[in-house]
Visitor: 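Starting off with a structure, shown below.
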Amino acid sequence: MIRKLKSGEYRIYSRKTDPKTGKRKNLGTFPSRAAAEKHEREIQYFKRAKS
């Protein structure tokens, strides 16, 4: 999940909430939405790339 911050940057949050804190994990902050979307695709790829 990508959200725009007040600073104009974009941050990726986990889709599910962390059961320990009840909040979503911060998975990185990026200067542009395109960069954030690119990294989110990389995250999804590595979640599935088990041999």
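What you see is a predicted model, and the numbers here were worked out from it, not measured in a lab. What's counted below: heavy atoms across the whole structure, side chains too, no hydrogens, waters or symmetry copies.
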Visitor: For A36 and Y10, which heavy atoms make the closest approach, and how far apart are they?
Guide: CB-CB, 4.1 Å
Visitor: Going by the side chain to side chain contact (heavy atoms under 4.5 Å, CB included) test, name the single residue among E42, K47, R41 that passes it with Q44.
Guide: K47
Visitor: With rounding to the nearest 0.5 angstrom, report the CG to NE2 distance, L27 to H39.
Guide: 7.5 Å
Visitor: Any link between I43 and I2 through a network of hydrophobic side chains (Ile, Leu, Val, Met, Phe, Trp, Tyr) touching at under 4.5 Å?
Guide: yes
Visitor: Let me see the working for M1 and I12 under side chain to side chain contact (heavy atoms under 4.5 Å, CB included), right down to the final yes or no.
Guide: CA-CA 6 Å; M1 165 191 306; I12 302 177; over 6 Å; no
Visitor: Once rounded to the nearest 0.5 Å, what's the spacing between atom OG1 of T29 and atom OH of Y13?
Guide: 7.0 Å
Visitor: So, is the end of the R11 side chain (NZ or CZ) under 6.0 Å from the ring centre of F30 and within 45° of the ring's axis?
Guide: no
Visitor: Measuring from atom NZ of K23 to atom OG of S14, what distance do you get when rounded to the nearest 0.5 angstrom?
Guide: 12.5 Å
Visitor: Taking atom NZ of K16 and atom NZ of K25, what is their separation to the nearest 0.5 Å?
Guide: 11.5 Å
Visitor: Would you confirm whether T17, through its side chain, and P19, through its main-chain N or O, come within 3.5 Å as a donor-acceptor pair?
Guide: no
Visitor: Before giving the answer on side chain to side chain contact (heavy atoms under 4.5 Å, CB included), spell out for R24 and R3 the whole-Å C-alpha distance, their side-chain angles and the decisive distance to 0.1 Å.
Guide: CA-CA 12 Å; R24 297 175 191 281; R3 291 186 180 161; 3.8 Å; yes
